[in-house]
Amino acid sequence: MNFGEQIKKIRKDRNLTQQGIAEKLGISRQAVSNWENDKNLPDIEMLIKMSQVFHITLDELLLGGTQMNNMTEKIIKDSSENARIKMNLLGIKIGGALLVLSFISLIAGVLSPISIEGYFGTIFTASMYGGILTFLIIGMKNMADIFRKKEYKQQNGKLLAIGGTLVLAGILAYFLSLVTERVSSYLGFLGIAVGILLIVVGTRTSKQEIEK
């Protein structure tokens, strides 16, 4: 039994209209209609509230008999995507912190005495490459997930994969500029910057979608 059928059964067993059940839950009648027609599904907080208001166990709401229903599948998918988003956010924080450190060390190196300028130069190089590599790993990980046909909410995983591809292309363009004059290093930095931006936007959008 799908979740929409579960809601209809609960409503009819209690002789309630869609408006009646909406008022008890503090939501719109349209939201209840969308649930019953399987156009939308509630989040876990609303499920807990429904369990309390209608004195029904979460098992009855989620399991739908002996087979997994669409609500259970949604919770499993949301849990998997939450874990993926948390890993992406952690990677973004680490990569961002390393890039900020590289910028600070660059400024410090310019302002410092010549005797310690090389020290800041080493920090700049290590932190910059470390930050870029972190964002590259995030993008490539999401691209690998797409190839394994894992689902992403609102296809935001593709945005992260594209971002990772641009970071990789930017890195290749930069190193190519070091050995040939045919490619500008600025083109490489542009690709890296746009790629990082797409990774950040894709992750934040996924987080917002999962929280709806």
K.L.:
May I have the step-by-step check of side-chain hydrogen bond (donor to acceptor under 3.5 Å, both in side chains) for Arg29 and Gln18, ending in yes or no?
P.N.:
CA-CA 6 Å; Arg29 185 202 64 79; Gln18 289 183 347; 2.7 Å; yes
K.L.:
Report the relative orientation of the aromatic rings in Tyr129 and Phe175; use parallel for angles under 30°, tilted for 30 to 60°, perpendicular for over 60°.
P.N.:
parallel
K.L.:
Can you measure from CZ (Phe120) to CD1 (Ile104) and round to the nearest 0.5 angstrom?
P.N.:
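Nearest 0.5 Å value for the CZ-CD1 distance: 10.5 Å.
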K.L.:
Would you say that Lys24 contacts Phe54 through its side chain, given a criterion of any heavy-atom pair below 4.5 Å between the two side chains?
P.N.:
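With C-beta onward as the side chain, the pair touches.
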K.L.:
If you measure from CD1 on Ile138 to CD1 on Ile196, what distance do you get to the nearest 0.5 Å?
P.N.:
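Nearest 0.5 Å value for the CD1-CD1 distance: 9.0 Å.
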K.L.:
Which value, rounded to the nearest 0.5 Å, describes the distance between Thr203 atom OG1 and Met87 atom CE?
P.N.:
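The distance works out to 11.5 Å.
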K.L.:
Starting from the C-alpha separation in whole Å, work towards a yes-or-no answer on salt bridge (charged side-chain N to carboxylate O under 4.0 Å, His left out) for Arg11 and Glu36.
P.N.:
CA-CA 10 Å; Arg11 180 167 62 79; Glu36 291 190 358; 2.6 Å; yes
K.L.:
If we only count heavy atoms from C-beta on, is the Met50 to Ile56 side-chain gap below 4.5 Å?
P.N.:
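The answer is no, as the side chains (C-beta and beyond) never meet within the 4.5 Å cut-off.
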K.L.:
Go through Ile27 and Met46 one step at a time and tell me if the side chain to side chain contact (heavy atoms under 4.5 Å, CB included) criterion holds.
P.N.:
CA-CA 10 Å; Ile27 57 177; Met46 180 55 67; 3.5 Å; yes
K.L.:
Roughly how far, to the nearest 0.5 Å, is the CD atom of Glu23 from the OG atom of Ser28?
P.N.:
11.5 Å
K.L.:
For residues Met128 and Ser102, report the shortest heavy-atom separation together with the two atoms involved.
P.N.:
N-CB, 3.6 Å
K.L.:
I need the Ser33 OG to Ile7 CD1 distance, nearest 0.5 Å.
P.N.:
12.0 Å
K.L.:
Do you know which of Leu133, Ile162, Ile132 makes side-chain contact (heavy atoms from CB on, under 4.5 Å) with Val167?
P.N.:
Ile132
K.L.:
Grouping I, L, V, M, F, W and Y whenever their side-chain heavy atoms are under 4.5 Å apart, do Ile123 and Ile107 come out in a common cluster?
P.N.:
no
K.L.:
How long is the straight-line distance from CD1 of Ile137 back to CD1 of Ile199, given to the nearest 0.5 Å?
P.N.:
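With rounding to 0.5 Å, CD1 (Ile199) is 10.5 Å from CD1 (Ile137).
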